[in-house]
Amino acid sequence: MYKKILVAYNGAPESLSALHECIRINPPPSTELHLLAVVQLSPYGMAGGYAPEIAFTTKRQMMEQELECGRALMASAGLDVTPHLQMGEPVEVIGALADALGIDLIIVGHPRHKALATRWWRGSMNALLIERVKSSILVAVRC
């Protein structure tokens, strides 16, 4: 069984599928569960290294609320989870946190109507999540 699981969550319906998949797996209490939300700023807003403070603050607050909703949902299913809020490119942030924590399994959501390589899989620099991480990846597909 997996000892450390990381669920990527951003409040979108497909990431909610990832949460539900983790709940459905019903990991034993000894499993270390982590819930990650990534604040990703638009490349247009960061042109020249400038990110408007209000845009960052608003996105961060929204993602903090989504992260708390995800944590509460998992807690209501009896799962003890450690929330993480980080800023950056999702593929890189997921990979770095998975490496730092020694994650065995990453759970990500994927919308059925998008090509497989266009969501969590591919970052802005064409970094593939499956090539970036050493752990297993479970893809929860939103129906």
Side-chain angles (χ1 to χ4, degrees), residues 1-51 55-143:
M1 213 51 207
Y2 298 105
K3 294 179 182 174
K4 296 182 180 184
I5 298 174
L6 174 65
V7 181
Y9 182 71
N10 66 1
E14 53 272 11
S15 69
L16 186 58
S17 296
L19 283 184
H20 286 296
E21 192 64 26
C22 185
I23 292 167
R24 193 171 73 82
I25 290 172
N26 193 24
S30 62
T31 303
E32 197 176 294
L33 295 175
H34 297 271
L35 184 63
L36 171 64
V38 179
V39 178
Q40 181 181 16
L41 293 178
S42 161
Y44 303 108
M46 295 180 64
Y50 173 72
F56 170 74
T57 301
T58 301
K59 284 188 174 196
R60 183 176 179 87
Q61 288 172 343
M62 289 173 46
M63 200 55 67
E64 284 172 349
Q65 291 172 351
E66 291 296 343
L67 184 60
E68 176 52 28
C69 289
R71 189 210 58 78
L73 178 65
M74 293 180 82
S76 71
L79 300 177
D80 183 28
V81 64
T82 302
H84 301 269
L85 180 66
Q86 296 191 8
M87 186 175 79
E89 177 63 40
V91 168
E92 287 307 313
V93 172
I94 292 167
L97 188 60
D99 289 346
L101 297 174
I103 297 295
D104 302 307
L105 175 67
I106 299 171
I107 303 175
V108 296
H110 178 73
R112 190 174 293 278
H113 65 278
K114 286 191 177 181
L116 188 59
T118 61
R119 180 89 177 116
W120 292 104
W121 298 101
R122 196 171 284 281
S124 64
M125 295 184 290
N126 292 331
L128 290 173
L129 182 59
I130 57 175
E131 292 177 359
R132 169 62 181 85
V133 298
K134 298 175 184 107
S135 53
S136 297
I137 300 173
L138 188 153
V139 180
V141 178
R142 180 173 173 243
C143 296

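Along the sequence shown, residues are numbered consecutively beginning with 1.
For the side-chain contact (heavy atoms from CB on, under 4.5 Å) test, residues two or more places apart in sequence or in another chain that qualify with Glu68 are Arg71, Ala72. Every side-chain contact (heavy atoms from CB on, under 4.5 Å) that Glu66 has, sequence neighbours left out, goes to Tyr9, Met63.
Note that CZ of Arg24 is 8.5 Å distant from CG of Leu138, once rounded to the nearest 0.5 Å. For the atom pair Met74 CE and His34 NE2, the distance stands at 10.5 Å (nearest 0.5 Å). Between atom CG of residue Asn26 and atom OG1 of residue Thr31 there is a gap of 9.5 Å, rounded to the nearest 0.5 Å. Rounding to the nearest 0.5 Å gives a distance of 6.0 Å between CG of Leu79 and SG of Cys22. To the nearest 0.5 Å, atoms CD (Gln61) and OG1 (Thr57) are separated by 6.5 Å. Put simply, CE on Met1 and OG on Ser30 are 9.0 Å apart, with the number rounded to the nearest 0.5 Å.
Closest of all the heavy-atom pairs between Ala96 and Arg132 is N-NH2, 3.3 Å. Taking both residues in full, the closest heavy atoms of Val38 and Gly88 are given as CG1-O, 3.3 Å, listed atom of the first, atom of the second, then distance. Taking all atoms of both residues into account, the shortest heavy-atom contact from Glu64 to Leu85 is CG-CD2, 3.2 Å. Of all heavy-atom pairs between Ser17 and Ala140, the closest is O-CB, 3.5 Å. Closest of all the heavy-atom pairs between Val93 and Met87 is CG2-O, 3.7 Å. Counting all heavy atoms, side chain and backbone alike, Ala18 lies closest to Ala8 at CB-O, 4.1 Å.
Using a distance-only test at 3.5 Å, with no hydrogens or angles considered, a donor-acceptor pair links the side chain of Ser15 to the main chain of Asn10.
Between His20 and Leu73 the shortest side-chain heavy-atom distance falls below 4.5 Å. Within the 4.5 Å cutoff, side-chain heavy atoms of Ile25 are placed close to those of Ile107.
Among residues at least two apart or in separate chains, there is no ring pair (Phe, Tyr, Trp, His ring centres under 6.0 Å) pair with a member in residues 58-78.
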Practice item. Please assess Leu105 against Ser136 for the test side-chain contact (heavy atoms from CB on, under 4.5 Å), listing each intermediate value before the final yes or no. Key: CA-CA 5 Å; Leu105 175 67; Ser136 297; 4.0 Å; yes
Exercise for review: Starting from the C-alpha separation in whole Å, work towards a yes-or-no answer on side-chain contact (heavy atoms from CB on, under 4.5 Å) for Val7 and Leu33.
Suggested key: CA-CA 8 Å; Val7 181; Leu33 295 175; 5.8 Å; no
Practice item. Evaluate the side-chain contact (heavy atoms from CB on, under 4.5 Å) criterion for residues Lys3 and Glu32: first the C-alpha distance (whole Å), next the side-chain angles of each, then the deciding distance (0.1 Å), finally the verdict. Key: CA-CA 6 Å; Lys3 294 179 182 174; Glu32 197 176 294; over 6 Å; no
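Counting non-hydrogen atoms of other residues, nucleotides and ligands closer than 6.0 Å to CG of Asp80 gives a total of 12 or fewer.
When each of Leu19, Leu6, Thr82 is checked for a side chain to side chain contact (heavy atoms under 4.5 Å, CB included) with Leu35, only Leu19 meets the rule.
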